[in-house]
Undergrad: 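Questions regarding the structure given below will be posed in turn.
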Amino acid sequence: MIRLENFEKKDYSELIDSVKNAKALMQFGGPEFTFPLTESQIDKTLSDENRVAFRVVNISNGEHYWTL
């Protein structure tokens, strides 16, 4: 089971730390981002009012996943 939560500025560092290499970043975010992921890249993406950012929490084990 999963739970959706708002993705907030306080979550940036956890997301950035989870992206270990360019391949992982491409799988996560596509060509819009460049490695290493930075707060300014996330800010730019989230400034698009047509985007909805959230994180997915696996309730059974507490793991997090993101979507921007």
Side-chain angles (χ1 to χ4, degrees):
M1 190 160 233
I2 62 170
R3 176 180 66 235
L4 299 180
E5 299 178 346
N6 289 331
F7 182 79
E8 301 174 352
K9 187 108 178 163
K10 67 177 178 59
D11 300 315
Y12 283 23
S13 62
E14 187 177 359
L15 171 59
I16 290 168
D17 291 346
S18 73
V19 178
K20 302 296 184 195
N21 56 55
K23 182 178 178 181
L25 183 58
M26 180 62 77
Q27 289 176 329
F28 162 73
E32 182 173 349
F33 299 103
T34 58
F35 187 79
L37 183 60
T38 63
E39 288 190 13
S40 62
Q41 290 180 73
I42 299 170
D43 281 337
K44 181 180 176 189
T45 297
L46 297 183
S47 70
D48 179 348
E49 61 189 40
N50 294 314
R51 287 207 182 242
V52 176
F54 56 91
R55 66 186 210 155
V56 179
V57 178
N58 182 334
I59 294 171
S60 64
N61 64 10
E63 289 184 7
H64 307 141
Y65 310 93
W66 297 269
T67 182
L68 298 178

Undergrad: So with a 6.0 Å cut-off around NZ of K10, is the heavy-atom count from everything else above 12?
TA: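 Above 12, so yes.
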Undergrad: Please name the pair of heavy atoms, one in V19 and one in F35, separated by the smallest distance, quoted to 0.1 Å.
TA: O-CE1, 3.6 Å
Undergrad: Would you mind reporting whether K9 and E39 have side-chain heavy atoms less than 4.5 Å apart?
TA: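 Counting from C-beta outward, E39 and K9 do come under 4.5 Å.
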Undergrad: Let me know which of D17, L46, L37 forms a side-chain contact (heavy atoms from CB on, under 4.5 Å) with Y12.
TA: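 Per the side-chain contact (heavy atoms from CB on, under 4.5 Å) rule, the option paired with Y12 is L46, out of D17, L46, L37.
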Undergrad: Is L15 close to S18 at the side-chain level, that is, under 4.5 Å between some pair of heavy atoms?
TA: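 The answer is yes; the side chains approach within 4.5 Å.
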Undergrad: With a 4.5 Å heavy-atom cut-off, do I2 and V57 have their side chains touching?
TA: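 No, every pair of side-chain atoms sits at 4.5 Å or beyond.
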Undergrad: Say you draw a straight line from CG of L25 to NZ of K20; how long is it, rounded to the nearest 0.5 Å?
TA: 13.0 Å
Undergrad: Using salt bridge (Lys or Arg N to Asp or Glu O under 4.0 Å) as the criterion, point out the one residue from E63, E5, E8 that pairs with R55.
TA: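 Option passing the salt bridge (Lys or Arg N to Asp or Glu O under 4.0 Å) with R55: E5.
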Undergrad: Quick check: do I42 and F7 have side-chain heavy atoms less than 4.5 Å from each other?
TA: yes
